[in-house]
Number of protein chains: 2
Amino acid sequence: MQDSQTSETPQKTIEETIVSGILSAKIRPGTRLSENQLATLFGVSRTRVREAMMRLETRGIVHVSPRRGWFVVEPSAEEAIAVYEARRVVEAGLLRSMRVLTDEGHKALDAHLNEEKGAMVAGDRQRLTYLMGDFHIRIAELSGNAIIVDILRDLTARTILISMLYQSEFHAAQSHDGHCRIFEAMRAGDFARAAELSIEHLDEVEMGLDLTARPDPLSELRSSLSLPPRTVSPTVRPKKPQLQRSN
Amino acid sequence: MQDSQTSETPQKTIEETIVSGILSAKIRPGTRLSENQLATLFGVSRTRVREAMMRLETRGIVHVSPRRGWFVVEPSAEEAIAVYEARRVVEAGLLRSMRVLTDEGHKALDAHLNEEKGAMVAGDRQRLTYLMGDFHIRIAELSGNAIIVDILRDLTARTILISMLYQSEFHAAQSHDGHCRIFEAMRAGDFARAAELSIEHLDEVEMGLDLTARPDPLSELRSSLSLPPRTVSPTVRPKKPQLQRSN
DNA sequence: TCTGGCTATCTTGCATACAAGACAGGAAAG
DNA sequence: CTTTCCTGTCTTGTATGCAAGATAGCCAGA
């Protein structure tokens, strides 16, 4: 599931590699995405890298600072609020539109929640971040509607970027509980209740953000001093002067 | 509002010109979009046209047939159903999330509904198509959430393409009534009711489609015979062998 | 008349070249 | 020591060139 970035370039590998890197919290907001570096990394010319960047830009995942570079978006506080609002709208609307929980759906969600629990026990924070976002995508997949899945995947990617910017501590247990409650309501066939629970769940997560913390306002200074950007955990990153910066 | 396509190219004019052309039903599904023609039309090189096409492709509005060309999408019956389902999810979720109808919102919707009525009286079908789709975008704008507006704009564009493919007759009055009822519920502050009405409204429109009609299955034959594609009304179009075709 | 294949042309796919702007680092002036 | 300016370097923006594939039309053969 993450064996990408090999030498082959089947078409839109660049785009999906970056998205999945964000979904699994391996790529931080503000990360610089150099056309040249990605080109050599994927063994293609800048042309195709640019195409991927354009696509990612229309998906709201990347933005370009003219003649300066491409960067993974750093959502502002207002944008963060809008993302959560959009997610409440879409997810609650989706759950309300559901009528039955199929057996396969039941199994898929159950398996997912078990994975969440396992990751919590193992304390694998990156995997937890991925799973916490993926739960909502899984629900969308139950509808069989590719459009909704795509919408929610992009919103989830942005959500993860937001949490990396504004979330000081990771309330994994709380989120997991929220997911379980939603699952319970779905199992009971009470999708209106599930919708309300999903709104509450997203509200909880949103409330856990510290939106007063500006999105790395010192990034320029930091980069000019060659300091690691936003050291978030003992996981040191100053190994190489990696591509990192914000505008 | 439609003074685009002049000689100037302020950046993403190509993309927006095509989208607004679809929203106002001036561009039919299956329309061929030649990179060269667009390039000369906008006075740029193919590079920028391609960028616009890439963006439109990720928005689900255009697709490419390898080495054959770019075409405005012709949604299949399954895709059409998915689009309507996504719209029900998003619009109902949106209305349910609303709490108040501001004065400006009231005025905007009221003005819009009057425009609808005017276009119905005038019998301006293209304008009607535009207005019927725009109503839903207007509602999204009330939320002030740009993300939701973008989502609904793209879904509306696809909806219009779908209606051009599968809608034999145009029940403008019925749609207008649906809009009025939604507006009434909003005015009354009953947003849950407005959400239900919007679902009913979309159901009605979807039921008005003839999804058994395949999306122009004879297009290849038709084009090779140089016949006008899908003559939809007395508005003849065989003036010049315009760029028209499907895959 | 019909069928098969060849070629000319048109399409996109992709790489590359060059231009323009932004930035960093250093030198020179105060 | 501080400030200013300049220049080299690195970034994206855009155009262009070439290649590969698809298509249409024609021509030859049955």
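Below, chain A is the first sequence line, B the second, and so on; all start at residue 1. Note that the structure is predicted; figures quoted are calculated from it, not measured.
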Might you list the N or O atoms of the protein lying below 3.5 Å from N or O atoms in nucleotides 15-22 of chain C, with each pair's distance?
unit_1: C/dA15; atom_1: OP2; unit_2: A/S45; atom_2: N; d: 3.1
unit_1: C/dA15; atom_1: OP2; unit_2: A/S45; atom_2: OG; d: 2.8
unit_1: C/dA15; atom_1: O5'; unit_2: A/S45; atom_2: OG; d: 3.4
unit_1: C/dA15; atom_1: N7; unit_2: A/T47; atom_2: OG1; d: 2.5
unit_1: C/dT16; atom_1: O4; unit_2: A/T47; atom_2: OG1; d: 3.4
unit_1: C/dA20; atom_1: N3; unit_2: A/R67; atom_2: NH1; d: 3.1

Quiz item: Is a side-chain N or O of B/H112 found less than 3.5 angstrom from the main chain of B/L131, in a donor-acceptor match?
Solution: yes

Practice problem: Flag the pair A/E169 and A/R125 as a salt bridge only when some basic side-chain nitrogen lies within less than 4.0 angstrom of an acidic carboxylate oxygen. | Solution: no

Quiz item: Can you tell me how far P of C/dT12 sits from CD of B/E51, to the nearest Å?
Solution: 15 Å

Quiz item: Between B/R88 and B/D203, does at least one N-O distance fall below 4.0 Å, as a salt bridge requires?
Solution: yes

Exercise. Could you tell me the separation between the CZ atom of B/R32 and the C1' atom of D/dA22, rounded to a whole number of Å?
Key: 10 Å

Quiz prompt | Length of the line joining B/E35:CD and D/dA15:C1', which is rounded to integer Å | solution = 14 Å

Self-check item: Gap between atoms CD and C1', on A/Q37 and D/dC10 respectively (whole Å)
Solution: 11 Å

Exercise. May I have the distance from A/W70 (atom CH2) to D/dT11 (atom P), rounded to whole angstrom?
Key: 15 Å

Quiz item: Is it true that B/E104 and B/R138 have a side-chain N and a carboxylate O under 4.0 angstrom from each other?
Solution: no

Self-check item: Contacts of B/E78 that satisfy side-chain contact (heavy atoms from CB on, under 4.5 Å) - sequence neighbours left out
Solution: B/S76

Quiz item: Are the charged groups of B/R158 and B/D154 less than 4.0 angstrom apart, N to O?
Solution: no

